[in-house]
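Reckoned from all heavy atoms, side chains included, excluding hydrogens, waters and symmetry mates. All residue numbers refer to positions in the sequence shown, counting from 1.
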Amino acid sequence: MNLIIAAIVGIAAIVLLIAVAKVHPFISLMVGSFVMAVCAGVPFDESWNSFTAGVGSTVSNVGLLIGFGAIVGTLLFASGGADVIVDTIMAKTPLQMLPWAMALIAFIVGIPMFFEVGVVILIPVVLFAARRAKMPVVLLGIPALAGLSTLHAFVPPHPGPLVAISALNANLGVTLGLGLLVAVPTVIISGPLMGRIMAKWVPIQAPEQAAEKEAVKDESKRPSFAQAMTVILLPVVLMLAASVVDLTGQTETAWGRTLVFIGTPLTALFITAVVAMVLLGFMQGRTREFINGEVGKSFASVAGIVFIVAAGGGFKQTLVDSGIDDVIANGITESAMNPLIAGWLVAVLIRLATGSATVATVTASGIMVPLAQGMSPTHLALLVLAIGAGSVFFSHLNDAGFWLVKEYFGMTVSQTLKTWSLMETVLSVVGLGCVMLLSLVL
């Protein structure tokens, strides 16, 4: 109970500092982590240990991805590639169908692509499309985020579903098929449909990005649509190739190891950034000095985002190290309830406590192993999906993704809660509903 109280006090401190005292989120997250650690019984001179470890791990993963994504995004805008992509999409898509088009693009891209990679690659283009179409950013952004987040929660080869499949000894093919089946209605409801409602609550316009002002206006000097889309789709192809190798058990072969290496998010985005420099820079007649200048500008544009996201990772790690997830999980599993609902609820509470969808999935799937004994292959797959649905419930202040979305969209904490956090909650509940319906007929 003391751990739960400590978590509540820490979260309350962050909310009050940001919403009432108007303190910068980075400072607020540091203070909240310190307060929570001390309330949880950690000696004050050791209170930063978990926070700094979480900051380090977040920067080494999400932070680097944001950096490479910023390079790609800046070059897309500066070269006019973003204009080419958006002009082509808008020319072929009626305005009222743009939210659905964004959801479909994110759904396809999100199958192999990690959520954070999808955000840093796709969202800048989505923001630009919203500006060009003069639509509220939420109207186009929420469908894209719903597509990326849904696939991240339900479909292998994303890490959460793969770990759950392994822990519960579920069939990968069955889980993949059912996951895609659940994902379609989940994306539709939590994306385009909810986005239309949320856009009325938060009718803000997309923030202008620095590289837009310097974008090439002369259409003859812009890259082709194929060149621009190559940069967008390259990480998708690289990650998909790595996933195929992993799923077919070829990871020990020489070519398999090579594909897995270049398909890891960090390597894939590094390669994409280099290709972007060539296709959108050198091949458009740009000098080395110009390209290096754009790379430097890209880092400056996301420095604040990296620090805030890293601080969110630090707060998450402080929560994880406190052991609050074990307290929550043990309480749930001791009660008698439907295993699918129990798996979802365990994942929900760990997600709320730790802010990590992957931690929630890994922990919940391990806890649910005894309850999974004797379940049929289809119900084991449904248990994996139920846990995945619970793992994305209500992203809030302790989730690095919360701050990533907030900063990209230029929203306040309150606006992010009313849009991104609510979308994640709807996604989670609709996903569970679809799983329960399938459990009645399978």
Apply side chain to side chain contact (heavy atoms under 4.5 Å, CB included) to residues L145 and T419 and explain how you reach the verdict. CA-CA 11 Å; L145 290 171; T419 54; over 6 Å; no
Is it true that the side chains of T93 and W100 contain a donor and an acceptor less than 3.5 Å apart? no
Which heavy atom in A310 sits nearest to a heavy atom in T58, and how many Å separate them? CA-CG2, 3.8 Å
Determine the interplanar angle of the W344 and F393 rings, folded into 0 to 90°, and report it as parallel if under 30°, tilted if 30 to 60°, perpendicular if over 60°. perpendicular
If you take all heavy atoms of G343 and I387, which pair is closest and at what distance? O-CG1, 3.8 Å
Within-4.5 Å side-chain heavy-atom neighbours: L104 and V187: no
To the nearest 0.5 angstrom, please state how far the CD1 atom of I142 sits from the CG atom of L193. 12.5 Å
Take W255 and V245 through the test side chain to side chain contact (heavy atoms under 4.5 Å, CB included) and record every step on the way to the result. CA-CA 9 Å; W255 64 271; V245 170; 3.7 Å; yes
Distance in Å, S428 OG paired with R351 CZ, rounded so as to fall on 0.5 Å steps: 9.0 Å
Residues that T52 engages under side chain to side chain donor-acceptor pair (under 3.5 Å), provided they are two or more places apart: none
Which pair of non-hydrogen atoms, one from I123 and one from A144, has the smallest distance, and what is that distance? CD1-CB, 4.3 Å
Could you label the plane-to-plane angle of the H396 and F394 rings as parallel, tilted or perpendicular, counting under 30° as parallel and over 60° as perpendicular? parallel
Smallest heavy-atom separation, G388 atom then F154 atom, equals C-CE2, 4.1 Å
Sidechain-backbone polar pair: S33 side chain, L29 backbone, donor-acceptor under 3.5 Å: yes
Between the NZ atom in K297 and the CG atom in L75, the distance rounded to the nearest 0.5 Å is 11.0 Å
Less than 4.5 Å apart, any side-chain heavy atom of P161 and any of V155? no
Sequence-distant partners of R132, side chain to side chain donor-acceptor pair (under 3.5 Å), two or more places apart: D83, D87
Please list, chain by chain and in numerical order, all residues satisfying side chain to side chain contact (heavy atoms under 4.5 Å, CB included) with I204, sequence neighbours excluded. V137, V202, M411, Q415
Given side chains that start at C-beta, do those of V72 and V231 come closer than 4.5 Å, heavy atoms only? yes
Nearest 0.5 Å, please: how far is OG1 in T416 from CZ in F409? 9.5 Å
Would you please name every residue forming a side chain to side chain donor-acceptor pair (under 3.5 Å) with S391, sequence neighbours left out? T361
What is the minimum heavy-atom distance between A183 and F107, and which atoms define it? CB-CE1, 3.8 Å
S47 meets the side chain to side chain contact (heavy atoms under 4.5 Å, CB included) criterion, sequence neighbours left out, with F34, A37, V38
May I ask you to test the L178-L442 pair for a side-chain heavy-atom distance under 4.5 Å? yes
F51/Q317 under side chain to side chain contact (heavy atoms under 4.5 Å, CB included): CA gap, chis, key distance, verdict: CA-CA 6 Å; F51 179 82; Q317 193 62 44; over 6 Å; no
R286 to F290 six-membered ring, cation-pi geometry met (6.0 Å, 45°): yes
Has the side chain of T150 got a donor or acceptor atom that lies under 3.5 Å from a matching backbone atom of G147? no
Could you walk me through whether M135 and L95 pass the side chain to side chain contact (heavy atoms under 4.5 Å, CB included) test, one step at a time? CA-CA 9 Å; M135 290 181 168; L95 283 181; 3.8 Å; yes
Hey, could you give me the CE/CH2 distance between M423 and W420, rounded to the nearest 0.5 Å? 4.5 Å
Taking C-beta and beyond as the side chain, do S298 and E294 meet within less than 4.5 Å on heavy atoms? no
Mark yes or no for whether S421, through its side chain, and S395, through its backbone, hold a donor-acceptor pair below 3.5 Å. yes
Can you find a heavy atom in the side chain of V84 that is under 4.5 Å from one in the side chain of Q227? no
Please set out all donor-acceptor pairs under 3.5 angstrom arising from side-chain atoms of residues 267-283, sequence neighbours excluded.
residue, atom, partner, partner atom, Å
T267, OG1, F261, O, 3.1
T267, OG1, T264, OG1, 2.9
T272, OG1, A268, O, 2.7

So, for A170 and V384, which heavy atoms are closest and what is the spacing to 0.1 Å? CB-CG2, 3.9 Å
Do S60 side-chain atoms and S57 backbone N/O form a donor-acceptor pair below 3.5 Å? yes
Between atom CD of E424 and atom CG of D399, what is the distance when rounded to the nearest 0.5 Å? 7.5 Å
Does the side chain of F402 reach to within under 4.5 Å of the side chain of L397, using non-hydrogen atoms? yes
D321 vs V42 side-chain heavy atoms within contact, under 4.5 Å: no
